[in-house]
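Comments concern the structure below.
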Amino acid sequence: MQNMRILQLHCDYIEFTPIKKEIKSAEEIDPQSKHLDEVVVAFVAVEDGDNSEVGKKAMNEIAESMKKVGCNKLLLYPYAHLSSKLASPSTALAIIKEMESRSDGLEVHRAPFGWTKSYKLQVKGHPLAENSKTISVGEEKESTSEALKAESKIQSFWHIMTPDGNMHDIDKFNFAKYENLEVLAKYEAAKKRSVDEPPPHVKLMKKLAIADYEPASDAGNMRFFPNGRLIKSLIERYVTEKVVEYGGFEVETPIMYDSHHPSMESYFNRFPARQYNVNSEGKQLFLRFAACFGQFLMAKDFHMSYKNLPLRLYELTRYSFRREQSGELVGLRRLRAFTMPDCHAMCKDMEQAKEEFRKRFDLSRQVIKGLGLDESDFEMAIRFTEEFYNENKSLIEELVKKIGKPVLVEMWKERFFYFVLKWEFNYVDNLGKASALSTDQIDVENGKRYNIEFTDEMNKPQNPIILHNSPSGAVERVIYVLLEKAAKDQREGRKPGLPLWLAPTQVRVIPVKPEFLNYSEKLVENISQHDVRVDLDDRNESVGKSIRDAETEWIRYIIVIGEKEVSATKLSIRDRKSGNVKELTVDELINEIKEETKDKPFLKMNMNRYVSKRPQIMV
RNA sequence: GCCUCGAUAGCUCAGCCUGGUAGAGCGAACGCCUCGUAAGCGUUAGGCCGCGGGAUCGAAUCCCGCUCGAGGCUCCA
């Protein structure tokens with residue numbers, strides 16, 4: 001983004017004298033001193049990329065503020081030092097001259113361009129006397145949706161609900177056995193936090209060559225190395241398989257939408273997210289911040305009967321974009337571009353919606369469990385309107401009972417969002433930060449807004465109730481949770497690791513000497529035939545060194561091949577989980593791995609099988 | 001967006017306070033060693049000390065500005 005920079009000073013007087021030409025292309029002038037009284041001095045730096053549009057805007061803003069201070073005399077003073085990415089002198093001079101000519105009823109003077117000048121000025125003491133501006137065109141001031149502005153006005157009531165269905169005051173609830181829930185409750189309700197160190201997963205994501213920041217992109221847009229891409233792919237496949245099993249139909253929709261499309265405009269103002277804007281051929285497009293629009297627009301064009309419902313549409317959005325505030329982005333926890341599995345179910349009425357809602361609750365619990373988290377790893381929050389609660393107490397109590405521990409409740413006096421009920425599973429990390437994983441909502445508004453219709457039993461058109469579910473939450477956030485969990489293990493003296501089905505390398509073979517390479521290669525080939533990710537440390541390093549490297553990569557099984565193994569059927573296998581070396585045949589090892597990774601997707605190794613052929617990504 | 005802190009070799013960092021030849025470990029290349037469950041040894045290459053200004057005989061070091069990053073705040077439908 002280019003920005004003209006202006007420092008504006010309201011002065012009693014200024015006096016300047018051109019001394020010598022600073023650049024070859026300096027203006028030819030008579031180096032006379034000049035004195036002006038009661039003047040606004042605007043030091044101007046024209047940046048690379050600025051154009052006359054910017055100049056025009058700058059003059060408007062200067063004139064505006066001069067009106068406020070009641071001054072009519074302006075001195076444009078070319079001042080390169082305000083910027084480090086200056087426009088070329090000829091462009092800058094042209095733009096400044098243009099500004100000079102656009103007098104707008106002001107008395108405009110200009111200091112010579114390209115000269116070293118000495119100057120003396122006296123700035124007035126009032127508050128508006130000094131100000132600086134950065135002028136740019138193209139991007140208007142931050143455009144935020146109405147929803148974002150209105151959000152702070154919602155009135156919420158916070159409680160804890162125990163599995164017996166009773167509501168408790170947060171202040172009076174005994175959190176002794178529910179430390180993480182307390183963190184969540186304080187986090188959400190009291191907004192109290194105390195953290196001053198980086199979350200441990202940031203180091204781990206780099207060390208394990210999973211992901212890293214990409215400075216050439218925008219903040220919050222990560223790059224994923226082969227290991228990270230593999231882990232993401234596996235999680236994506238797993239979640240997609242589970243949703244398809246449940247009855248979801250996978251679709252794909254565009255990642256950008258026209259902000260002025262009629263059905264978009266109103267939704268836009270109901271969804272409090274900051275978005276990326278893209279201007280193209282006069283259209284104002286924005287990047288999707290959820291899969292909702294795509295699926296709703298699609299469903300609108302379906303011809304549906306009540307017999308077709310519930311209809312479940314599913315999309316794995318790579319990516320959804322939310323332009324979160326820069327200070328809010330952290331490692332893989334909160335990103336501006338993220339992969340979100342998003343499943344909507346159109347339901348014919350509230351009865352069907354509630355039934356479907358239960359199914360998806362179970363689906364989400366199953367998915368979270370499959371990803372390697374158990375119920376003690378997350379805290380549930382459930383949110384609803386007072387009216388919905390009064391009419392559907394049993395549904396809400398049923399969900400809480402299933403979780404089997406107290407949950408955080410937020411109740412709204414009136415419906416503000418498009419949904420009447422929402423729950424989410426929150427992970428509380430090492431630093432006491434809570435972030436949402438799975439979630440589901442009952443939406444009573446968008447069926448109508450998007451004009452999605454089905455024909456009911458009476459042959460009347462109706463708008464469906466729509467459920468919004470992400471069974472896992474953002475894929476990147478799942479990785480964040482797995483790494484934070486591993487960091488916790490490490491901190492508490494256990495060996496950190498990833499679930500075996502997600503490990504980039506599951507088995508590493510280390511020959512004691514190069515003479516065993518041949519045998520090792522055959523072994524690797526054999527194991528790999530059975531869909532196990534196995535690699536070979538063919539570097540000519542000491543065994544100790546190779547083992548150490550494998551350990552720091554969190555590789556679960558290490559097989560050392562030497563004299564003994566070449567002539568025996570059993571292998572010496574170091575199992576990271578127990579830390580012991582055990583003797584197994586190849587088949588026994590493969591069976592053990594198959595057993596632990598059953599029902600999980602498999603992908604082939606995403607790096608060269610030979611360790612010596614790999615670039616070093618992170619130390 | 002606001003506040004605080006930071007930016008030195010591919011990576012992690014020291015040096016900065018008190019200005020005077022740019023440092024270490026890891027990694028890489030090359031050689032030696034041929035090794036049994038967490039680091040074998042040596043040599044070499046590798047730097048606009050983020051960018052722009054300033055004061056100074058002299059700046060990685062002091063001052064100002066900028067950019068980018070991290071954390072906190074706000075925010076998280």
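For the numbers below, each heavy atom of this structure counts, side chains included, while hydrogens, waters and symmetry mates do not. Order of the sequence lines fixes the chain letters, A, B, ..., with proteins taken first and strands second; residue numbering starts at 1 for each chain. Note that this is a predicted model, so its numbers are computed, not measured.
Both A:Ala436 and A:Lys203 lie near RNA chain B, and the one whose nearest nucleotide falls closer to the 5' end is A:Lys203. Mapping A:Gln441 and A:Ile561 onto RNA chain B via the closest heavy atom, the residue that lands nearer the 5' end is A:Ile561.
Regarding A:Gln325, its CD atom lies at a distance of 6 Å from the C1' atom of B:G1, rounded to whole Å. We find that CZ of A:Arg539 is positioned 11 Å from P of B:A29, with the value rounded to whole Å. Following rounding to the nearest Å, A:Asn221 (CG) and B:G69 (P) show an atom-to-atom distance of 11 Å. Between A:Lys613 atom NZ and B:A28 atom P there is a gap of 15 Å when expressed in whole angstrom units. A straight line from CD of A:Gln275 to C1' of B:C76 spans 16 Å, rounded to a whole angstrom. The interatomic distance linking A:Glu410 (CD) with B:C76 (C1') rounds to 12 Å, in whole Å. Atom CD1 of A:Ile555 is separated from atom P of B:A38 by 15 Å (rounded to the nearest Å). One interatomic measurement links the two molecules: CD of A:Glu553 to P of B:A38, which rounds to 16 Å at whole-angstrom precision.
The same atom, C1', is picked in B:A29 and in B:A22; the two are 22 Å apart, to the nearest Å. Taking atom C1' on both B:A9 and B:C13, the two are 11 Å apart, rounded to the nearest angstrom. Remark: the separation of the P atoms in B:G52 and B:C16 is 24 Å, to the nearest Å. Across B:A59 and B:C17, the matching C1' atoms stand 15 Å from one another, rounded to whole Å. As rounded to the nearest Å, B:U56 and B:C51 have P atoms that lie 23 Å from one another. Here the separation of B:C41 from B:U34, taken at their P atoms, is 15 Å to the nearest Å. To the nearest whole angstrom, the two P atoms, one in B:U67 and one in B:G23, are 33 Å apart. Distance noted for atom C1' between B:G54 and B:U61: 15 Å (whole Å).
Aromatic pair A:Phe296/A:His468: centroids less than 6.0 angstrom apart. Ring centroids of A:Phe417 and A:Trp412 are separated by less than 6.0 Å, placing the two rings close together. A ring-centre distance under 6.0 Å is not found for A:Phe321 and A:Phe289.
Taking 4.0 angstrom as the limit, A:Arg574 places a side-chain polar atom (N or O) nearer than this to OP1 or OP2 of B:A38. The side chain of A:Lys495 contributes no N or O atom lying less than 4.0 Å from OP1 or OP2 of B:A38. In terms of phosphate contacts, A:Lys206 brings no side-chain nitrogen or oxygen within less than 4.0 Å of OP1 or OP2 of B:G69. Residue A:Ser542 places no side-chain N or O under 4.0 Å from the OP1 or OP2 atom of B:C35.
Checking B:U37, B:C76, B:C35 against every side-chain atom of A:Lys513, the shortest atom distance belongs to B:C35. Here B:G36 is the nucleotide among B:A38, B:G36, B:C73 with the atom lying nearest to any side-chain atom of A:Val512. With distances taken from any side-chain atom of A:Arg548 to the nucleotides B:C35, B:A39, B:G1, the minimum falls on B:A39. Among the nucleotides B:U34, B:G71, B:A38, the one closest to any side-chain atom of A:Val330 is B:G71. Between B:U37, B:A38, B:G36, one nucleotide has an atom nearer to the side chain of A:Glu551 than all others, and that is B:A38. Comparing B:G40, B:C35, B:A38 by their nearest atom to the side chain of A:Lys545 picks out B:G40. The side chain of A:Tyr213 has B:A70 as its nearest neighbour among B:A39, B:C35, B:A70. Ranking B:U37, B:C35, B:C76 by closeness to the A:Asn540 side chain, first place goes to B:C35. The A:Glu565 side chain lies nearest to B:G36 when the options are B:G36, B:G72, B:A39. Set against B:G36, B:A38, B:U34, the side chain of A:Lys564 has B:G36 as its closest nucleotide.
Side-chain contact, A:Gln295 with A:Tyr314: no donor N or O sits under 3.5 Å from an acceptor N or O.
Contact record, A:Val543 with A:Val512: CG2-CA, 3.8 Å, taken as the closest heavy-atom pair.
Residue A:Gly544 is classed as a sugar-phosphate contact, given heavy-atom separations below 4.0 Å to backbone atoms only. Using a 4.0 Å heavy-atom distance criterion, A:Ser546 is classed as making no nucleic acid contact. A:Glu515 comes within 4.0 angstrom of no nucleic acid atom, judged by non-hydrogen atoms across all strands. Using a 4.0 Å heavy-atom distance criterion, A:Ile559 is classed as making no nucleic acid contact. When heavy atoms are screened at a 4.0 angstrom cut-off, A:Val560 is found touching base atoms of the nucleic acid. Residue A:Val202 is out of contact with every strand shown, counting any heavy-atom pair closer than 4.0 Å.
The pairing partner recorded for B:A14 is none, the criterion being a Watson-Crick or G-U wobble arrangement whose two distances lie under 3.5 angstrom. Nucleotide B:A28 forms a pair with B:U44, judged by Watson-Crick or G-U wobble geometry with both contacts under 3.5 Å. In this structure B:G19 sits in no base pair that meets the Watson-Crick or G-U test at under 3.5 Å. B:U67 is paired with B:A7 under the Watson-Crick or G-U wobble criterion, all donor-acceptor distances under 3.5 Å. Across every strand in view, B:C2 sits in a pair with B:G72 that passes the Watson-Crick or G-U test at under 3.5 angstrom. Within the shown strands, nothing qualifies as a pairing partner of B:A39 under the Watson-Crick or G-U definition with both distances less than 3.5 Å. For B:U34, there is no paired base (Watson-Crick or G-U wobble, both distances below 3.5 Å). B:C62 and B:G54 make up a base pair, with Watson-Crick or G-U wobble contacts both under 3.5 Å.
Note: A:Tyr119 and A:Phe43 have tilted aromatic rings, judged against thresholds of 30 and 60 degrees for the angle between ring planes.
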Would you please test A:Glu445 and A:Arg415 for salt bridge (Lys or Arg N to Asp or Glu O under 4.0 Å) and show each step? CA-CA 11 Å; A:Glu445 203 179 280; A:Arg415 182 164 71 84; 2.8 Å; yes
Inset, instruction - Might you work through the side chain to side chain contact (heavy atoms under 4.5 Å, CB included) test for A:Ile382 and A:Leu421, ending with a clear yes or no? - result: CA-CA 8 Å; A:Ile382 187 160; A:Leu421 172 65; 3.9 Å; yes
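The environment of CD in A:Glu387 is sparse: at most 12 heavy-atom neighbours from other residues, nucleotides or ligands sit within 6.0 Å.
The side chain to side chain contact (heavy atoms under 4.5 Å, CB included) with A:Arg360 is formed by just one residue from the set A:Pro471, A:Ser470, A:Cys343; it is A:Cys343.
For a distance-only test at 3.5 Å, the side chain of A:Glu324 fails to qualify as a donor-acceptor partner of the base of B:G1.
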